[in-house]
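Just so it is clear, the values below take in all heavy atoms, side chains as well, and ignore hydrogens, waters and symmetry mates. Please read these numbers as outputs of a predicted model, since none were measured by experiment. The sequence lines fix the lettering, A, B, ..., with proteins before strands; numbering per chain opens at 1.
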Amino acid sequence: VSTQSTWGFQESKDMMKVFQLSTRITRFTLLARVFSAGPPPLKMDFSEKVNTKEVTLKNPDKLKKMNICQAVNNAMDIALATIPKSYVFGEDVKFGGVFRCTVGLNEKYGTDRVFNTPLSEQGILGFSVGLAAAGCTPICEIQFGDYIFPAFDQFHNEVAKYRYRSAGLYNVGGITCRCSYGAVGHGGHYHSQAPEAHFMHTAGLTVVIPRSPIQAKGLLLGSIRSPDPIIFFEPKILYRMAEDMVPEEDYTLPIGKAEVLQEGKDITMIGYGASIRQLMMASKMAEEKGIKCEIIDLRTIIPYDIETIEKSVKKTGRLLITHEGPVTSGAGAEIAAKIQERCFLSLKAPIARVCGFDTPFPFVYEPFYLPNRFKIFESTLKLMEFQLKQYISIQSVSYTHLTLPTKAQVQISVVAVSLKKKPT
Amino acid sequence: LKQVVAKHAVRSLSSITVPLPDISVYRFEKNLFPQKAETNREEMLKYFKAMTFQRRIEIACDEIYKMKQARGFCHLMDGQEAVAVGIEAGITLQDYIITAYRCHGFMLGRGGTPEKILGEMMGKLNGVSKGKGGSMHMTSQKNRFFGGNGIVGAQIPIGTGLAYGIKYEEKKEVCVTLYGDGAANQGQLFEAANMAMLWKLPVIYVCENNGFAMGTSVARASANTNLYARLDLIPGARINGQHIYAVREAIKFAKEWCLSGKGPVCLELLTYRYHGHSMSDSGLTYRTREDIQKVRKERDPIMTVSYTHLTLPTKAQVQISVVAEPLKKK
């Protein structure tokens with residue numbers, strides 16, 4: 001066994017072969033790239049208008065085309081202007097941020113209020129707890145949701161419990177932690193995670209996830225002004241992709257309320273963030289089959305709006321929940337458990353969860369991992385085709401035959417067996 | 001006649017002494033560190049070839065990423081070759097290495113070949129981590145290379161744990177745990193360093209200070225920019241990370257120090273990266289092209305070895321350049 005390194009050049013083949021290999025690969029992978037890049041989205045217009053039932057605008061005609069980056073920037077600009085002791089800080093926010101969400105804020109408000117922190121997530125959160133306990137409004141940024149875990153102790157043990165353990169004498173309601181979230185197409189293990197489920201299990205935290213620029217601006221302003229500490233996950237794939245005509249004025253959207261995007265009578269679909277687009281595309285595919293889907297955007301993941309969901313499920317009888325994070329113990333699991341508690345007899349089919357697999361986020365073949373419109377559509381069809389009647393009839397026969405004499409028992413079990421064997 | 005003269009030249013150059021640049025020390029006596037390195041022509045050529053090979057592989061990685069053959073994240077370490085090759089030259093394959101995501105050069109020293117490294121970036125099965133890890137998670141089980149870690153600072157306590165395992169089994173090995181100037185502000189580093197000093201673990205903490213944590217310079221992120229002096233009781237030294245012999249001798253010294261039971265050592269290697277932080281960073285928003293060109297001219301690690309050649313007689317120079325040309329063409 002040799003103990004000295006040979007740096008690869010003695011055992012490797014000619015360097016030229018590497019470049020030849022790469023040109024051969026180009027030809028082979030042209031086809032594979034179709035799959036590795038994912039199927040192209042359905043041509044749909046995802047832009048929205050302000051929901052006038054939720055918010056009344058003073059200048060409804062003063063609109064500006066913005067994507068989520070710009071909407072979030074606008075929201076923070078308004079917050080810094082209207083709340084005197086508010087601060088924006090995080091890694092690399094001073095020059096504008098790695099996603100350009102904090103562009104221009106340092107120039108406008110100064111380094112006292114918009115500043116960089118060193119590379120310490122736990123430090124950022126602990127520091128925010130202190131600021132908020134002193135009565136300020138810190139708007140901290142964690143660059144990627146995957147890096148929120150060093151700060152998890154501060155969230156779970158400090159932020160969530162501050163008000164509780166001091167009986168309301170102190171609180172850290174001023175905290176808003178903005179974080180980029182979710183798959184982006186090429187993120188790999190550490191730039192694509194969806195960690196909202198870890199925070200759902202902590203009583204005292206609120207998690208908000210917007211789906212579009214109008215929602216992002218209103219929900220972020222609502223989060224900053226909310227008396228509770230809020231984690232605001234921004235789907236990074238929609239930072240540039242989602243564009244709306246966003247009102248330039250100061251408006252807030254309610255925290256803790258879900259929004260019904262589309263009414264339907266056959267199936268209720270729940271999602272949030274980037275999954276809403278997949279749901280809308282899947283519902284368009286389902287409409288061709290005559291299935292009318294009701295789409296609900298959860299918006300606030302915890303505490304979630306159970307009344308809206310319950311009302312919808314009692315109307316349709318079928319529920320499908322989708323999210324990017326792994327299926328076990330995700331948001332879908334919690335909502336499914338709650339709904340079956342409350343709407344058991346209204347359900348016409350088991351609740352479907354179309355989510356990521358129970359593995360770390362993959363380095364390659366991301367489209368196979370993510371819940372896309374095809375998986376949602378397939379689940380919808382399965383739910384629509386589920387027949388409860390067969391099962392009920394066999395049950396009633398078996399209960400009756402226990403009281404009858406033997407010959408009748410045999411005859412009925414013969415009938416029951418033949419019913420069971422009947423093809424669907 | 002030419003061949004006869006060449007043979008004479010080889011025989012006359014059996015041992016070369018390279019003077020080492022000045023260092024800064026913390027809790028060390030400066031005279032403990034070696035001030036010159038003994039080497040010979042073969043060794044010099046070997047390091048030259050290794051560093052040039054590493055440089056060409058990084059450029060190839062750049063190309064395949066731009067061709068979209070490799071996706072995900074790609075952090076290149078061209079400009080930092082002396083760190084990878086120097087550390088590997090000072091230790092054996094029995095020692096452990098664990099580093100952060102700028103790991104292609106270390107992978108090359110630990111059994112990687114260009115096919116395997118580029119294959120791993122492309123997610124192919126012949127890659128070093130069977131295509132599951134990508135550029136950031138290159139590992140080698142046989143050669144005790146623990147990667148390749150994406151989360152900043154996460155590898156430091158892991159390296160400390162590896163050192164505990166070595167000490168428990170009473171082996172004469174060390175664990176080289178590398179981190180960057182950005183990770184120097186992570187709490188994990190200080191927790192792990194405290195444990196290492198408390199239990200006198202055979203771990204060498206190497207801080208690859210390339211001046212910038214993504215786009216943030218060291219002065220803007222760290223209150224104390226003497227990163228070698230931040231681990232309290234752990235003695236440290238600041239070494240010129242672009243001089244391969246300086247790195248090699250420092251690591252050899254640190255290994256001896258650890259193996260004699262005196263506990264961990266912290267080395268700060270001053271180095272530089274020519275590319276940006278990753279492929280999505282141009283590297284020009286926080287520094288100018290002139291800065292990069294200046295480092296290329298004055299502090300390039302491959303040039304350092306070549307400059308040492310320049311003090312040698314002309315014939316050896318010619319022979320070495322004859323070797324370099326075909327490598328570049330490859």
Side-chain angles (χ1 to χ4, degrees), chain A residues 1-19 21-23 25-26 28-29 32-33 36-37 91-92 94-96 98 115-123 126 143-144 146-147 149-151 153 184-192 359-360 362-366, chain B residues 46 49-51 53-54 56-57 60 63-64 67-69 71-73 85 88-89 92-94 107-118 122-124 131-137 143 150-153 182-188 213-216 220-222 280 285-286 327 329-330:
Chain A
V1 175
S2 83
T3 55
Q4 284 300 324
S5 173
T6 49
W7 287 289
F9 58 81
Q10 281 177 14
E11 54 215 334
S12 94
K13 301 159 198 153
D14 200 3
M15 208 32 174
M16 203 52 213
K17 252 192 176 176
V18 175
F19 292 105
L21 205 68
S22 65
T23 48
I25 288 165
T26 318
F28 283 130
T29 55
R33 275 213 289 151
S36 72
E91 290 159 26
D92 301 304
K94 194 166 153 202
F95 82 94
V98 285
F115 53 92
N116 281 343
T117 60
L119 218 168
S120 344
E121 287 77 21
Q122 189 170 26
Q143 210 166 75
F144 283 91
D146 320 55
Y147 310 154
F149 294 105
D153 172 66
V184 71
H186 54 272
H189 315 99
Y190 295 118
H191 297 80
S192 323
T359 72
F363 171 60
V364 287
Y365 299 127
E366 201 172 292
Chain B
K46 193 170 69 169
K49 275 168 100 170
M51 289 199 285
F53 206 48
Q54 201 184 314
R56 302 311 302 174
I57 288 177
E63 285 180 22
I64 64 165
M67 283 198 279
K68 297 223 170 174
Q69 298 299 326
R71 304 194 79 202
F73 288 82
V85 177
E88 198 55 60
T92 66
L93 285 175
Q94 248 70 56
M107 189 64 241
L108 191 65
R110 294 253 137 173
T113 64
E115 290 86 5
K116 284 198 227 162
I117 292 177
L118 294 170
M122 293 191 251
K124 305 285 175 212
K132 303 285 282 185
S135 162
M136 285 206 281
H137 304 282
N143 293 324
I151 298 289
V152 168
N185 297 316
Q186 278 276 316
Q188 303 183 69
M214 222 155 77
T216 306
R220 286 203 295 128
S222 300
S280 46
T285 46
Y286 44 90
L327 260 179
K329 282 188 192 146
K330 273 185 188 174

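Under the ring-ring contact (aromatic ring centres under 6.0 Å, His included) criterion, A:H186 pairs with no residue at all, not counting sequence neighbours. By the side-chain contact (heavy atoms from CB on, under 4.5 Å) test, B:A183 pairs with B:V152, B:Y179, sequence neighbours left out.
Looking at A:Q143, its side chain does come within 3.5 Å of a backbone N or O of A:E91 through a donor-acceptor pair. For A:Q122 (side chain) and A:A151 (main-chain N/O), no donor-acceptor pair under 3.5 Å exists by modelled atom type.
At a 4.5 Å heavy-atom cutoff, B:M107 makes no contact with chain A through either its backbone or its side chain. Within the 4.5 angstrom heavy-atom criterion, atoms from both the backbone and the side chain of A:E121 approach chain B. Proximity to chain B is limited to the side chain of A:V98, based on heavy atoms less than 4.5 angstrom apart.
Ranking B:G123, B:G150, B:G133 against chain A, the residue ahead of the rest is B:G133, based on heavy-atom pairs under 4.5 Å. Taking chain A as the reference chain and counting heavy-atom pairs below 4.5 Å, the highest number among B:G134, B:A221, B:A184 is found for B:G134.
Within the 6.0 Å centre-distance limit, the rings of A:Y190 and B:H137 are counted as a close aromatic pair.
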